[in-house]
Each structure stands twice: as C-alpha cells, then as structure tokens.
Amino acid sequence: MALTHLDLKRAAECTSVAPQKLHRGEGVFKCPEDQLPLDYAKIYPDPELEQQILALPIRCIHSEEGCRWTGQMKQLQGHFSTCAFNVIPCPNRCSVKLTRRDLPDHLQHDCPKRKVKCEFCGSEFTGEAYENHQGVCPQESVYCENKCGARMMRRLLSQHSMAECPKRTQPCKYCGKEFVFDTIQNHQYHCPRFPVQCPNQCGTPNIAREDLANHMKDNCGSALVLCPFKDAGCKHRCPKLAIGRHLEDTTKSHLTMMCNLVGRQRQEILELRREMEELSVSHDGVLIWKLSDYSRKLQEAKLRSNHEFFSPPFYTHRYGYKLQVSAFLNGNGSGEGSHLSVYIRVLPGEYDNLLEWPFSYKVTFSILDQSDPSLSKPQHITETFNPDPNWKNFQKPCSSRNSLDESTLGFGYPKFISHEEIKKRNYIRDNCIFIKASIEIPQKIMG
Ligand SMILES: [Zn+2]
Ligand SMILES: [Zn+2]
Ligand SMILES: [Zn+2]
Ligand SMILES: [Zn+2]
Ligand SMILES: [Zn+2]
Ligand SMILES: [Zn+2]
Ligand SMILES: [Zn+2]
C-alpha cells in the first residue's frame, strides 16, 4: 500500500493538510509529512481508504482552547457551525471577528452596531450613539449639582439651578458680590451698599449704609449742628440748614461771648507767663546780671535822669525770698552824674507766707573784672551789707503795694563805683558789664 508509511491517525488529526491535498512539484512529489520523495506513478485515488480516513475519530481543532467535541473527521465541518471556539464575524457587520462563545457578550455590551434602548427615555440607539447619550439623557433623574438635595429629570436642571435652587449663587443687587441664594436675605442686613433711611428724615434717597455716617456728618441738611461759637459759650444747636440764620440773628451776643473769651484767655496768658518766669529765675541765691550795650544804656540814663535798669528776679534759695537788683548807670541820689548806683529790693514771692520777716540775710554786690584770669588775677569790686531790719522794703511785701510806694525802694549803694573807676581794668569789656549779687543763707534754712 503506497501510503502505508503515513501515519493515518496523525493525518486525520492534521489540521492544515488534508491527505488528498499533497504538494505537486515537477513530476516529483514529496510527502508533506516527512519530505521523502513519492513516486507519482504509485499515487492513485483510493475511495475506500478515504472513507476509512473520514470515518476516523478526531478532536475539534479548538480542543486546546477548550472545545471537548470529538467525532468522525467528516463531521468536523458540520461541528464548526456550532463550535463555541470557532471564530466568526459579528452578525451586525461591525468588522469585529470573535469566537462564537464571546458573541453574546459582544452583541450585548460591546458591539458598536448593537441596538440599545435607553432605560430613561426609552429611545433606541446603536451602541456607539448610546455611549454618547449616556450622561446626557434629558429624562434621567439626577441630583442638583449645588448639593441642595433636590433630584429631578436632567432637562429640568438648568431651570432649577437658575431660578429655584436654594443653593444657587446670585449677585447682591446692591454691592454686586456673589452669595448663595439662601444667605442673601441675611446679607442685606449687613450689605454696605444697602440703601437706608437717614435717621434725621432729611429725605435724601438711597443712602448706602456705609455712607450714612459721612452723610450725617457732612451732607445731611437736617442734622443738628452746634453753633460755631460754642467755644465762646453759645449753646445753640439746630439743623445745619438753619445755622446761617442763627449766626445772623445773634451777632451781638456772639460778639460779647467772644470778648469774654478773649478776656479769659488774656488772664490765662498772664498766668502762664508768670509761671514761666518763675520757672526760669535762678533759685540759688546768686545773680550774675549781664548789662550789654553799656555805652548806649549809659547815654540813655544821662538823658533821662533816674533811669533805672532792673535785673531779672531771682530767689535766695529754693522756696526762698524773691529779690531783684537794679542799677542806675548814671547814678542816683548822692552818686547822680558821677557813679554807678546798685540796689536790691524784695519782690512779692510765691513762698512769702512760709518765710521769716523782715528779710535779714547778708547781701554782697560785685562788679566783675572781666580780665583774663590767666594774665592777671581779676579784681572784682565788692560790697557787703546786712539788711537794715527797719527798712520798709525788707518787711514782708504786700501784694497790693504799687510802684510809687516807698516800700518798693531798693537798698544799696548810690556810689558803688565811679565813672572813672569803671573804665579801669576790664569792668567794661565788649561793651558789657556784669553785676553780681549773692545772698548768704545759713545751711539750716536752705535745708
Ligand atoms: Zn469545536
Ligand atoms: Zn459587532
Ligand atoms: Zn435616554
Ligand atoms: Zn439645587
Ligand atoms: Zn450686598
Ligand atoms: Zn440726612
Ligand atoms: Zn450761636
């Protein structure tokens, strides 16, 4: 038998080559199984053997994928029309090829050409169109995106979120800021642009809440204002619009008020000035009094007899007697026209009621030699005296005494230094003289 070397069983299982389809070359044939040459003359159809072969039992060509079918070789084609593992094109002509087994799933879920019915609106779609329809079906029931909790068909959503949703945002119509709808009512109680009524009922419309304070302060015609003469004592108060009338009607009394105010202020200024002087006077019992512009002042004194120059006041010690030195540059009394006269007097002081009277402490006057101490020892001219307790000016000053009273007369030296003497040394230097007065206060009193 020509084909005996072929293993018939194997040939029956061979999936790609049927035994009758042997390869024909140039008169030489090779067995497709083992490549051995075959003699053409010895090949002939053998219907009986073919029947035997076709009757051989075989497994399905998809057995490795899992098909359990077995049958006669001749039944294989017939099996393919039902084999779950056979690859077939999708009957919807979607161009996909797949095993029969996977077809139902494909047809139901994946096939772009499958027919689908939307569960919400009931419309029919191809698979492709349905994918686009999903998530937009107007009949689908959805929750409000603002999370207000409402659920409705999608087609009603935009109307809801624009006009009905309590969580929709809406601009405040006064200030323009965006608010969640259910808080906007409350916002109006705080909105800075919300229109409010002027409490003075001036009738100005639409005053924004934040402008009200300024309105009442600067613009409200009905706001009560104080008369601009309030500091002078006018207590009048009236609407801003009426103030002009008040000013016209009360010019006289306003003027009187102003005069009184000026008087009070003058008094106050005097008081302050006195306090300032008190603060600036020395409190250590020593006065060094510089008289500058000496020659002009001497000239002045010569023209007006008894012209007296006064020193700044000074205190003998802290809380002590208040004193003042005076000088007649052209002399006074016995020194008139020839000498410089120097006096001291007691002024009414702040602490007079706490002090012993009459004033009784030793007084020393000097005119200072302004010579350079490194060139020659300065020779000051000095006089010292103990106050005469009978002298009226050393009694306790009475604040009411006037300047013509003899109690204001100073005590001192009409001939302190002659006009000749004063030209010597450096008593005058740079047209200045220095007069010094010092008071000797015992330590126990100073304490
Ligand atoms: Zn099969
Ligand atoms: Zn398909
Ligand atoms: Zn739909
Ligand atoms: Zn909503
Ligand atoms: Zn607002
Ligand atoms: Zn107003
Ligand atoms: Zn007034």
Side-chain angles (χ1 to χ4, degrees), residues 9-19 53-91 96-107 120 135-199 204-215:
K9 191 157 182 268
R10 276 187 63 207
E13 288 179 351
C14 178
T15 57
S16 55
V17 183
I53 290 170
L54 288 175
L56 287 173
I58 57 165
R59 292 198 282 268
C60 175
I61 58 170
H62 299 299
S63 65
E64 285 187 8
E65 287 118 271
C67 183
R68 316 287 294 261
W69 180 87
T70 56
Q72 290 185 330
M73 194 164 175
K74 62 183 168 214
Q75 292 167 330
L76 184 62
Q77 279 306 322
H79 163 66
F80 281 158
S81 64
T82 57
C83 174
F85 297 92
N86 201 32
V87 173
I88 52 167
C90 168
V96 167
K97 288 189 169 151
L98 69 178
T99 62
R100 181 170 287 110
R101 191 172 67 136
D102 294 334
L103 189 62
D105 210 41
H106 169 76
L107 286 178
F120 306 115
V136 296
C137 175
Q139 301 288 95
E140 185 181 358
S141 172
V142 288
Y143 281 105
C144 167
E145 287 161 354
N146 296 332
K147 301 200 166 61
C148 73
R151 193 177 170 156
M152 72 213 79
M153 281 192 238
R154 181 176 279 115
R155 67 188 164 83
L156 301 175
L157 197 59
S158 70
Q159 164 72 12
H160 167 78
S161 36
M162 265 169 51
E164 292 152 11
C165 177
K167 299 286 182 209
R168 70 191 186 273
T169 59
Q170 188 169 311
C172 166
K173 67 174 164 180
Y174 305 109
C175 70
K177 276 196 205 142
E178 294 270 341
F179 289 91
V180 172
F181 180 76
D182 56 10
T183 65
I184 204 161
Q185 203 60 33
N186 195 39
H187 163 70
Q188 297 202 338
Y189 297 109
H190 309 284
C191 175
R193 300 308 303 165
F194 189 80
V196 291
Q197 289 282 320
C198 170
T204 308
N206 301 328
I207 306 167
R209 180 177 279 124
E210 66 183 351
D211 297 338
L212 186 62
N214 270 344
H215 164 79

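In each ligand, atom 1 is the first atom listed, and ligand 1 is the first ligand listed. Since we're looking at a predicted model, the values are computed, not measured.
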(request) For the residue pair Tyr174 and Phe194, categorise the inter-ring angle as parallel (less than 30°), tilted (30 to 60°) or perpendicular (more than 60°). (result) perpendicular
(request) Mind reading off the angle at the Zn ion (ligand 4) between the SG atom of Cys144 and the SG atom of Cys148, rounded to 10°? (result) 110°
(request) Give the intermediate values and the outcome of side chain to side chain contact (heavy atoms under 4.5 Å, CB included) for residues Cys90 and His106. (result) CA-CA 8 Å; Cys90 168; His106 169 76; 3.5 Å; yes
(request) Identify the heavy atoms of Ile207 and Cys198 that sit nearest to each other, and give their distance. (result) CD1-CB, 3.8 Å
(message) Using the Zn ion (ligand 1) as the vertex, how large is the angle between SG of Cys60 and SG of Cys67, rounded to 10 degrees?
(response) 110°
(request) To the nearest 10 degrees, calculate the angle at the Zn ion (ligand 1) involving SG of Cys83 and NE2 of His79. (result) 110°
(request) For the Zn ion (ligand 4), find the closest N/O/S atom on His160 and give its atom name. (result) NE2
(request) State, yes or no, whether a side-chain contact exists between Leu54 and Gln72 at a heavy-atom distance under 4.5 Å. (result) no
(message) side chain to side chain contact (heavy atoms under 4.5 Å, CB included) for Ile61 and Phe80? Distances and angles first, verdict last.
(response) CA-CA 9 Å; Ile61 58 170; Phe80 281 158; 3.2 Å; yes
(message) If we check side-chain hydrogen bond (donor to acceptor under 3.5 Å, both in side chains) with Lys167, which of these qualifies: Asp182, Thr183, Asn146?
(response) Asp182
(request) Provide the protein N, O or S atoms situated under 2.8 Å from the Zn ion (ligand 5); waters are not included. (result) Cys172 SG, Cys175 SG, His187 NE2, Cys191 SG
(request) Could you tell me whether the side chain of Gln75 reaches within less than 4.5 Å of the side chain of Trp69, counting heavy atoms only? (result) yes
(message) Testing the basics here: between Pro91 and Leu103, what is the closest heavy-atom pair and its distance to 0.1 Å?
(response) CD-CD1, 3.6 Å
